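What's counted below: heavy atoms across the whole structure, side chains too, no hydrogens, waters or symmetry copies. Count residues from 1 along the sequence. In this text the structure is predicted, and so the values were computed from the model without any measurement.
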Amino acid sequence: MARNRRTSGQLNSPLRKAMEYGMLLVGSLVLATSFNLFLNPNQIASGGVSGLSTILHNLFGFSPAIVQWACNIPLFLLGLKLLDRQYSLKAAVGSIILPLCVMLTSNLQPLTTNPLLASIYGGIGVGLGIGIVFRGRGSTGGFAIASQILHKVSGLSLGVCVAVFDGLVILFAGIVFDPEKALFALIALFVTSKTIDIVQMGWNTSKVAYIISNETDALREAILYDLDRGVTLLDGAGGYTGDARKVVMAVVSQSEVSKLKIMVRSVDPDAFIILCPAQEVLGEGFRVG
């Protein structure tokens, strides 16, 4: 209980809060800059309120920032009413800060008029910005809130609800502009999602190794002291014989996989090894936070 209180205190400390709001600001600025440098001038509406603002800007000349405020603020208020406490002060700040950043960077000149380059680099920039905001436990509001509301009232999965809103914006863009622009928007959306994953979980993919062997003690010693990695022993049972046995579990970096396999084979040539990707590993010997 004391440890839980200490952890909660660290997550809610003034310094941590200041860092999270700083990440919200930086992420919003990166997102807005990418929007004005790549996506908006090339009519690439890759979903979300920003995509909708691109369409309305090109149709009627509306300022993208004004459109985003006009969508974000009512959606936040509606989400606050229907979703109770799921959206904090940071969601309100994000709903205001992002359009402000879009307005402040609106005079930037586009870096390219090639829609493919714009969709790729715009998607990277938007994904980087959103990823930074998410790392700060923040939100930029918009259709993320609308998706949560639809998820609550319809029972559809959250992923489906997000896809519905993004899909409608891209479909609208294909009708207003042309189908080719909708295809570029899909590229930007894909690149954005992959970039968010990289920012959230990093480039390195570790491996989880499950080793079934009759030489459990020798393997444990080798991994602990030769490979210098932690080991966990899991209780298992043979599916055919029903005999109890231990399963050795260890997490290793990508570069250590070959060394691990050679080590296991040298200890027990008949060992059964299962290697699974571990996208994110936090703790001693790996990433701290």
Side-chain angles (χ1 to χ4, degrees), residues 24 27-28 31-32 34-35 39-40 44-60 62 64-99 101-102 119 122-123 126-127 129-177 179 181-197 199-201:
L24 174 59
S28 296
L31 197 164
S34 300
F35 173 80
L39 301 182
N40 190 52
I44 298 174
S46 58
V49 168
S50 62
L52 180 61
S53 70
T54 295
I55 297 171
L56 296 180
H57 171 69
N58 284 273
L59 269 180
F60 306 111
F62 295 157
I66 299 299
V67 172
Q68 291 175 28
W69 270 320
C71 294
N72 281 355
I73 294 175
L75 281 173
F76 171 76
L77 295 175
L78 183 62
L80 198 62
K81 180 179 180 181
L82 297 180
L83 301 173
D84 301 323
R85 298 181 180 178
Q86 292 187 43
Y87 288 92
S88 64
L89 179 61
K90 278 187 288 189
V93 172
S95 298
I96 296 172
I97 287 294
L98 177 58
C101 291
V102 169
S119 61
V126 170
I130 295 174
I132 292 172
V133 171
F134 286 172
R135 287 294 296 267
R137 298 195 299 168
S139 169
T140 55
F143 284 162
I145 297 176
S147 300
Q148 286 279 5
I149 295 172
L150 181 61
H151 167 63
K152 181 175 181 178
V153 300
S154 69
L156 295 172
S157 72
L158 185 58
V160 169
C161 295
V162 171
V164 166
F165 285 104
D166 285 340
L168 287 173
V169 171
I170 293 174
L171 178 62
F172 190 22
I175 296 171
V176 171
F177 303 134
K181 290 292 175 64
L183 296 178
F184 284 122
L186 285 172
I187 293 174
L189 185 61
F190 176 79
V191 173
T192 294
S193 66
K194 293 302 178 183
T195 305
I196 293 172
D197 289 342
V199 175
Q200 289 282 81
M201 295 179 285

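Distance alone, capped at 3.5 Å, is enough to place a donor-acceptor pair between the Thr192 side chain and the Gly123 backbone.
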- Stepwise, does the side-chain contact (heavy atoms from CB on, under 4.5 Å) test hold for Leu98 with Leu31? CA-CA 8 Å; Leu98 177 58; Leu31 197 164; 3.9 Å; yes

- Task: Determine, step by step, whether Val126 and Ser46 satisfy the side-chain contact (heavy atoms from CB on, under 4.5 Å) criterion, reporting the C-alpha distance in whole Å, the side-chain angles of both residues, the deciding distance to 0.1 Å, and the verdict.
- Result: CA-CA 10 Å; Val126 170; Ser46 58; 5.8 Å; no

- Begin from the C-alpha positions of Val199 and Arg135 and carry the test side-chain contact (heavy atoms from CB on, under 4.5 Å) through to its verdict. CA-CA 8 Å; Val199 175; Arg135 287 294 296 267; 4.2 Å; yes

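With sequence neighbours excluded, the residues forming a side-chain contact (heavy atoms from CB on, under 4.5 Å) with Val169 are Ala45, Ile55, Phe143, listed by chain and number. When the side-chain contact (heavy atoms from CB on, under 4.5 Å) test is applied to Leu171, the partners found at least two apart in sequence or on another chain are Ile175. Listed by chain and number, the residues in a ring pair (Phe, Tyr, Trp, His ring centres under 6.0 Å) with Phe134 amount to none (sequence neighbours excluded). Residues passing the side-chain contact (heavy atoms from CB on, under 4.5 Å) test with Leu183 are Leu186, sequence neighbours excluded. Contacts of Asn40 classified as side chain to side chain donor-acceptor pair (under 3.5 Å), with partners at least two apart in sequence or in another chain: Thr54. Checked against side-chain contact (heavy atoms from CB on, under 4.5 Å), Val191 has the following partners two or more places apart in sequence or in another chain: Ile124, Ile187, Thr195.
Taking each heavy atom of Pro64 and Ser53 in turn, the nearest pair found is O-CB, 3.6 Å. His57 approaches Phe62 most closely through the heavy-atom pair ND1-O, 3.0 Å. Nearest heavy atoms, Gly174 versus Ala182: CA-CB, 3.7 Å. Nearest approach of Phe184 to Ser119, heavy atoms of both residues: O-CB, 3.3 Å.
Taking CD1 from Ile66 and SG from Cys71, the interatomic distance works out to 11.5 Å, rounded to the nearest 0.5 Å. If you take OG on Ser50 and CG on Asn72, they are separated by 9.5 Å, rounding to the nearest 0.5 Å. In this structure, CG on Leu52 lies 12.5 Å from CD1 on Ile170, to the nearest 0.5 angstrom. To the nearest 0.5 Å, atoms CG (Leu156) and SG (Cys161) are separated by 5.0 Å. Put simply, CZ on Arg137 and CG on Leu24 are 12.5 Å apart, with the number rounded to the nearest 0.5 Å. Rounding to the nearest 0.5 angstrom, the gap separating the OG atom in Ser193 from the CG atom in Asp166 is 10.0 Å.
With contacts defined as side-chain heavy-atom distances shorter than 4.5 Å, the pair Asn58/Val176 does not qualify.
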